[in-house]
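The block underneath contains the structure these notes are about, expressed in structure tokens.
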Amino acid sequence: MSLHTMRIGSGVPRVAYLHGLLGQGKNLATLAKAVSASDPGVLIDLPNHGRSAWTSGFGYADWADDVADTVRDLLPPGVPITVFGHSMGGKTAMALALRHPALVRALVVADIAPDDSSHGYGFGRLVNGLRDLPLDQVRTREDADALLAAAVPDAGVRAFLLQNLHRAKPDGWRWLPNLDLLAASLPQISGWPAGLRGPYLGPVLWLRGGESGYVTDDHAPAMRALFPRTRLVTIKGAGHWLHADQPDAVAATLQAFLDTLRPQLASSTSSA
């Protein structure tokens with residue numbers, strides 16, 4: 001299945017960006033633009049999100065294969081790409097690297113580990129909050145914001161979620177994500193599929209928010225068993241949405257990592 005994409009920068013994409021649960025590719029546009037002068041990017045809407053098609057089931061392996069098909073359509077044959085994935089997108093990115101290692105030049109995993117993450121922010125509450133919103137009572141986005149406030153008190157999180165609300169023609173509203181499927185699949189989304197084997201031997205930048213509980217030191221052995229070339233960087237003052245909390249720090253860390261991936265110019269030396 002081909003997924004919806006949006007290019008950032010000019011030329012062949014060097015970085016693919018995968019968003020988290022209830023997100024869209026455009027949520028990572030600011031980060032992609034920050035490094036696009038040297039590393040053009042492609043923002044991808046994962047299945048059942050944004051402008052990509054809905055499916056009848058969920059599986060990280062299946063999603064990884066969909067991303068692989070989409071990326072291959074954008075690249076010259078045999079050219080790999082660096083993949084940045086946040087949260088659910090990070091698990092998809094890890095699955096992609098394990099299933100399609102020749103396609104992945106390097107990996108950036110943002111605030112998630114190859115482990116159960118149901119202890120985290122509480123995305124079940126968010127998914128069900130959207131499902132329970134009475135769309136027939138919504139005339140404006142302000143109406144939706146007010147109706148969602150009881151289930152989601154944080155105004156910033158509500159603003160993030162309400163990007164998924166789309167005005168349907170001729171009138172009314174609909175959700176872009178497949179909320180029923182996502183709600184039914186929360187245990188699988190929070191989990192990590194046992195069938196994915198490593199190791200992936202490419203370079204891996206592993207980011208975690210200093211104020212987030214999604215990645216702990218206890219996760220390091222499992223991460224390095226699958227991804228032995230992992231380097232962990234903690235972004236101070238950031239929670240789970242670290243690219244939104246500390247955009248400059250995340251962009252600078254990503255840029256420094258991408259710079260290490262550039263082919264080194266061979267120095268021409270001669271002896272007299």
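Computed from a prediction, not measured in an experiment: that's the story for all the values here. Below, each value reflects all heavy atoms present in this structure, side chains not excepted, and no hydrogens, waters or symmetry copies.
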Intermediate values then yes/no, side-chain contact (heavy atoms from CB on, under 4.5 Å), Val15 and Val83: CA-CA 6 Å; Val15 187; Val83 183; over 6 Å; no
Validation row: Tyr200, Val104 side chains within 4.5 angstrom (heavy atoms): yes
Side chain to side chain, Leu75 and Ile81, heavy atoms closer than 4.5 Å: yes
His86 vs His19, ring-ring contact (aromatic ring centres under 6.0 Å, His included): CA-CA, chis, key distance, verdict: CA-CA 5 Å; His86 171 246; His19 60 82; 9.5 Å; no
Over all atoms of both residues, closest heavy-atom pair of Leu242 and Ala110: CD2-CB, 3.9 Å
Closest approach of Ala113 to His219 (non-hydrogen atoms, all atoms of both residues): CB-CG, 3.6 Å
Donor-acceptor contact below 3.5 Å, side chain Arg167 vs main chain Trp173: no
Donor-acceptor under 3.5 Å (Tyr60 side chain, Ile189 main chain): yes
Exercise: identify the closest heavy-atom pair between Trp175 and Leu130: NE1-O, 3.2 Å
Hphob cluster co-occupancy, Leu181 + Leu21, side-chain heavy atoms under 4.5 angstrom: no
Gln246 side-chain N/O to Gly237 backbone N/O, donor-acceptor pair under 3.5 Å: yes
Non-hydrogen side-chain atoms of Pro47 and Ser52 separated by less than 4.5 Å: no
Backbone of Lys91 reached by a side-chain donor or acceptor of Trp63 within 3.5 Å: no
Exam field: side chain Ser36 to backbone Lys33, donor-acceptor pair closer than 3.5 Å: yes
Residues Asp145, Arg158; criterion salt bridge (Lys or Arg N to Asp or Glu O under 4.0 Å); working and verdict: CA-CA 7 Å; Asp145 184 72; Arg158 287 201 308 277; 2.9 Å; yes
Reported CG-to-CG distance for the pair Leu226 and Leu196, which is rounded to 0.5 angstrom: 8.0 Å
Stepwise side-chain contact (heavy atoms from CB on, under 4.5 Å) test for Thr253 and Leu205: CA-CA 9 Å; Thr253 305; Leu205 173 63; 4.1 Å; yes
Tyr17 side chain near His243 side chain, heavy-atom distance below 4.5 Å: no
Approximate separation, where rounding is to 0.5 Å, of Asp132 CG and Leu147 CG: 11.5 Å
Side-chain (Asn27) to main-chain (Gly23) donor-acceptor, under 3.5 angstrom: no
Any Leu179 side-chain heavy atom under 4.5 Å of Asn164 side chain: no
Atom pair CG (Leu96) and OG1 (Thr92), whose distance is rounded to the nearest 0.5 Å: 9.0 Å
Exercise: identify the closest heavy-atom pair between Ser87 and Gly20: CB-CA, 4.2 Å
Heavy-atom donor-acceptor pair, Thr260 side chain to Phe257 backbone, under 3.5 Å: yes
Side chain to side chain donor-acceptor pair (under 3.5 Å) partners of residues 1-16, not counting sequence neighbours, each pair once: His4-Asp45, Arg14-Asp39
Flag, side chain of Asn178 to backbone of Trp54, donor-acceptor distance under 3.5 Å: no
Sub-4.5 Å side-chain heavy-atom contact between Phe84 and Val109: no
Distance in Å, Asp65 CG paired with Thr70 OG1, rounded so as to fall on 0.5 Å steps: 10.5 Å
Side-chain donor/acceptor of Arg139 to backbone N/O of Asp136, under 3.5 Å: yes
Common cluster, Leu201/Trp206, ILVMFWY with side-chain heavy-atom separation under 4.5 Å: no
Atom pair CG (Leu165) and CG (Leu176), whose distance is rounded to the nearest 0.5 Å: 8.0 Å
Min side-chain heavy-atom separation Arg224-Leu232 under 4.5 Å: yes
Lys/Arg-Asp/Glu bridge criterion (N-O < 4.0 Å) met for Asp217, Arg208: yes
Any side-chain donor near an acceptor of the partner, His240 and Asp111, under 3.5 Å: yes
Between Gln137 and Asp143: side-chain donor-acceptor atoms closer than 3.5 Å: no
Flag side-chain contact, heavy atom, 4.5 Å: Met88 against His49: yes
Distance, nearest 0.5 Å, that separates CG of Leu18 from CG of Leu28: 8.5 Å
Any donor-acceptor pair under 3.5 Å from His100 side chain to Ala68 backbone: no
Minimal non-hydrogen separation, Ile44 against Ala16, with atom names: CD1-CB, 4.2 Å
Steps toward side-chain contact (heavy atoms from CB on, under 4.5 Å) verdict (Val204, Val108): CA-CA 6 Å; Val204 179; Val108 184; over 6 Å; no
Heavy-atom closest contact (Leu43 atom, Gly25 atom, distance): CD1-O, 3.5 Å
Criterion side-chain contact (heavy atoms from CB on, under 4.5 Å) on Thr234 and Leu207, from CA distance to verdict: CA-CA 6 Å; Thr234 300; Leu207 303 176; over 6 Å; no
